[in-house]
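The structure appears right after this line, and notes come after that.
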Amino acid sequence: MVLSVALPGPAAAVEAVRVPLDAQAIDLTHAVVAYHSQGDRLQVSTAPGSDGIVRRIEVSAREAGTQPAWIVFALTNDTDEQLERLIVAPHFRLVGSGVIWPDLGATRISAITASQGFAPEHEDSDDADVFRLTLDPGTTVTYVAELRTPNLPQISLWEPDAYKDKITSLTLYKGIIIGVAGLLALFLTIVFVVRGAVIFPAAAALAWTVLTYVCIDFGFWSKLFDLEGSAERIWRACTETVLAATLLVFLFAYLNLNRWHVRASHITALWLIFLAALIGLAVYDAPVAAGVARISLATIAGIGFILVVYLAAHGYDRAVMLIPSWFLLLAWIVGAAFTVTGKLTNDLVSPALIGGLVLIVMLIGFTIMQNAFAGIGLGQQAIGDSDRKALALAGGGDHIFDWNVDADQIYVAPEVESHLGFDRGALEGPASAWLDLLHPLDRDRYQAVLDTMLEQRRGRIHQEFRLRAVDGQYLWFLFKARPVVSADGEVARIIGTLADVTETRISQERLLHDAVHDNLTGLPNEGLFHDRIDRALVFAANDPEIQPVIFSLDIDHFKTVNETIGFSAGDSVLLTIARRLGRILKAQDTLSRIDGDHFAILILSEHSPEALMAFANVIQRVVSTPVNFADREIPLTASIGFAAYDPEQPPRREELVKNAELAMLYAKRNGGNRIEAYRPMLRNMRSDRLGLEADLRRCLERGEMKILFQPIIRLEDRTVAGFQTVLRWDHPRLGRLTPTEFLPVAEDCGFIVDLGIFALERTGRELAAWQNALNVDPPIFASVNISSRQLLRHDLLHDIKTLLARCPVAPGSLKLELSESLIMENPEYAAQMLTRIHDLGAGLLLDDFGTGYSSLSYLQRFPFDTIKIDRSFVHQPGQGIRQGSRSAILRAIVTLAQDLGMDVIAEGAESESDTIELYQLGCEYAQGSAFGHPISMADARKLVGASTIAA
């Protein structure tokens, strides 16, 4: 289309187009002059007539005050006959319609004014604006056409009969295409009703959408519903959008994409929601919706082709069957792209593309029919009994074994030979030929079961054998068979099945191994170690040369390694020690990991005192060699004790093990890094429970019980937010004891109440001093563990009320830390007590959250303001495979607590990576070795910046 810029004054004259007598059609698209923004009147100069005179005419718009677009063209009839021609302007033309803001077609020309002669007459047509005009002989007529839209993709001059023939031929073609598309859609709908598989409604929806698109493009839709130009544009945009959506649904359903990746369902759902929104947009702006729909259609075709090729390469039968149809669809998309961008301009391109789209849907229908009904014969009731048995064997993973005894010929299913890597027929032959394939330990049993069945002529075989594959690996097979006796009473055949049970055997062996071996080091566990001691003692009772010796070994200060460096370092140390000790043992000796950092060794290779002490020195040197971990050198020492077998008074296993442990404990209590042999006097030096209870009752008055503070860090700015109070007992004889060593004794004897009051008073007094000196917001807090005996005491409320009155602290900053198991001992009473404690102004912290069975159901019932995530969720060394699930659990716990208005403290942060991950998950506070181990009261004051507090 030639465009001219609007200038003031009348428009210039146009060049006339000669109309030959025999011309059936003339394309005027590039012969017209277009005008915009000329107002509701247009003055033009006519083309020079036969006399060479240029005249001026003025044309008014049909509606005053508007500014329509105009086109001007001139026609010359230089013949001596009167000519009748048709001006045709198609409503929608796929050629050149564009991708972005496409031209969806509407009525193009409102009216045409002739400079002379007969006025053009408008003729009815559903898909074009048609005007009949008459050209007198020897005249040149200028025509001014008022346009409804600024776009005019094509305008042609047709000889009436030729145009009629064209419309007639296209009408026949359109009718055929519409009929085929309608029958295809109806057929797929009927099949969907009959079969009900998910791919049929998807294909039927695609077929109905294509039928609708064909009807709209061929003008049949406007005849059914009497659509106006703007409504037809909306319908066209909506149909192109639904076409993209149904194609996406078909691709998802046919390829069963949710089977290959869980995110495929999410992507498809979001895409469909986006396309559904486009339908709503089409009502307001049809060109924008249609443009996005065309881009989506091309994208779906491209991505679909990649998926089809990828899945076909991986042996997915459905994808293989869809390759031809989808390849044609991709070619159709390319052809449509060339057409809408104007690179293909033939008038037959658009009808051909519509026919091609129907053909593609037909091929898709044939493809799903072939796929859906490929195995229909197997589902019919006419299947025979033998066929059912064969199918059942194949489905159960069993394969046929048949030995023709008379011919001494074995037949096995080809699947067994393929599974072992042999060529077809390699396992067929005499029964003796299998001996070379069987594991040496299974050959005698194989011969015995076959010979027994031949002799007894009855019975069943149910045995597992190992067969050697081509690569030399042995696979386990379960052999089940029974004899077939002939009329003379002899065994004619032995027929049965073979099934690969290698994975089952491996799983059983792994379970047996794990049941008697340590999960971390792979060493024998305590049960297997005791069994080997029992066997050694039996041998020693009958053979004086055998004198078992038990070594008990415990790594000194191993807990410090876990607390300061992390559990991963501790595990690395244990693995290294296990490997080192294993290298110094002989074949008849046994190394075992009893628990934690406690190892035990059964020695049968040595029994003289000199050799045993030398061996103990070797153990000490091996353990004392530092272990390197993450560019750090970890020094180690060990306390070693051993007890030898006494032939004069043969000990029981329990006594021998206990004697070695007593020697080890004596070495540890004397400073560690020592070797001690068991002596009877060590039994008298053992600190009994009564003595420990007596010492415990005097520890407070002697000042032996120490208060330490574990820092709790605010992750947002890495400042100290609070502390957890922990107890340490500096025993005058046993050294510093941890809570795990003395709290159970205190709980049993009732002294736990005094310890709890001591911890509360010291913590409350120190917390009040911190808050008074610092005066920060939010105030620093501290938490103290509460035992079950304390919670069940009615005096607890009085103790807390008195403490808070004597030590004024911010409400909720002195937190009582309770475990879930403690609360669940008496939930009704606990609920009442905790509510009253909360009302007094004390905070409540739920410890070890997530390890109990009722955490979620009781969170709202009890007035907790803080929860502490158990360290098992925060730091899990060696669990990299489950890292994703651990993060998901942590995120869920943090989100749950925040939704309930609770603070969250994560326990067990041991590295910078743990800290970063917790902060990213939204956790407010954390504690662990990453921020330091428990510190003294003076160090805690320095840490919070309150060192001026009086001691």
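Heavy atoms only: backbone and side chains are in, while hydrogens, waters and symmetry mates are out. Position 1 is the first residue of the sequence, and the numbers go up from there.
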Just wondering, are more than 12 heavy atoms of other shown residues or ligands nearer than 6.0 Å to [atom1] in [X]?
X: R535; atom1: CZ; answer: no
X: E503; atom1: CD; answer: no
X: D423; atom1: CG; answer: no
X: R424; atom1: CZ; answer: yes
X: E545; atom1: CD; answer: no

Could you tell me if the side chain of [Y] sits less than 4.5 Å from the side chain of [X], heavy atoms only?
X: L581; Y: I584; result: yes
X: D595; Y: E526; result: no
X: F422; Y: L437; result: yes
X: F642; Y: I603; result: no
X: V894; Y: I869; result: yes
X: Y645; Y: L537; result: yes
X: E428; Y: I410; result: no
X: Q447; Y: L435; result: yes

Rounded to the nearest 0.5 Å, how far does [atom2] of [Y] lie from [atom1] of [X]?
X: F558; Y: L574; atom1: CZ; atom2: CG; result: 3.5 Å
X: F479; Y: L498; atom1: CZ; atom2: CG; result: 6.0 Å
X: F629; Y: I634; atom1: CZ; atom2: CD1; result: 7.0 Å
X: N617; Y: L612; atom1: CG; atom2: CG; result: 11.0 Å
X: L454; Y: D451; atom1: CG; atom2: CG; result: 6.0 Å
X: H598; Y: M664; atom1: NE2; atom2: CE; result: 4.0 Å

Within the side chain of [X], is there an N or O that forms a donor-acceptor pair under 3.5 Å with the backbone of [Y]?
X: D589; Y: L604; value: yes
X: E464; Y: W476; value: no
X: D870; Y: E907; value: no
X: R460; Y: K480; value: no
X: N542; Y: V538; value: yes
X: S592; Y: A600; value: no
X: D442; Y: H439; value: no
X: R443; Y: L438; value: yes
X: D914; Y: E910; value: yes
X: S418; Y: P414; value: no

My understanding is that only one of T576, D571, I577 makes a side chain to side chain contact (heavy atoms under 4.5 Å, CB included) with V573; could you say which?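 Testing each of T576, D571, I577 against V573, the sole residue satisfying side chain to side chain contact (heavy atoms under 4.5 Å, CB included) is I577.
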[X] to [Y] - nearest heavy-atom pair and separation:
X: Y446; Y: A431; value: OH-O, 3.1 Å
X: V623; Y: R580; value: O-NH1, 4.1 Å
X: A312; Y: V320; value: CB-CG2, 3.8 Å
X: L656; Y: P651; value: CD1-CG, 4.2 Å
X: F599; Y: A578; value: CE2-CB, 4.3 Å
X: A481; Y: I494; value: CB-CG2, 3.8 Å

Verdict with reasoning, L602 to I550, per side-chain contact (heavy atoms from CB on, under 4.5 Å): CA-CA 5 Å; L602 169 63; I550 304 297; 3.6 Å; yes
Quick one: are the ring centres of F551 and F615 less than 6.0 Å apart?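 Centroid separation for F551 and F615: below 6.0 Å.
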Would you sort out whether V549 and E606 count as a side-chain contact (heavy atoms from CB on, under 4.5 Å), showing the intermediate values? CA-CA 8 Å; V549 180; E606 303 288 349; over 6 Å; no
Could you check I619 against I601 for side-chain contact (heavy atoms from CB on, under 4.5 Å), going step by step and ending with a plain yes or no? CA-CA 10 Å; I619 294 176; I601 305 174; 3.7 Å; yes
Do the side-chain N and O atoms of D554 and S639 include a donor-acceptor pair separated by under 3.5 angstrom?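 Their side chains do not contain a donor-acceptor pair, so the 3.5 Å distance test is not met.
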side-chain contact (heavy atoms from CB on, under 4.5 Å) between T590 and I533, worked out: CA-CA 9 Å; T590 299; I533 295 176; over 6 Å; no
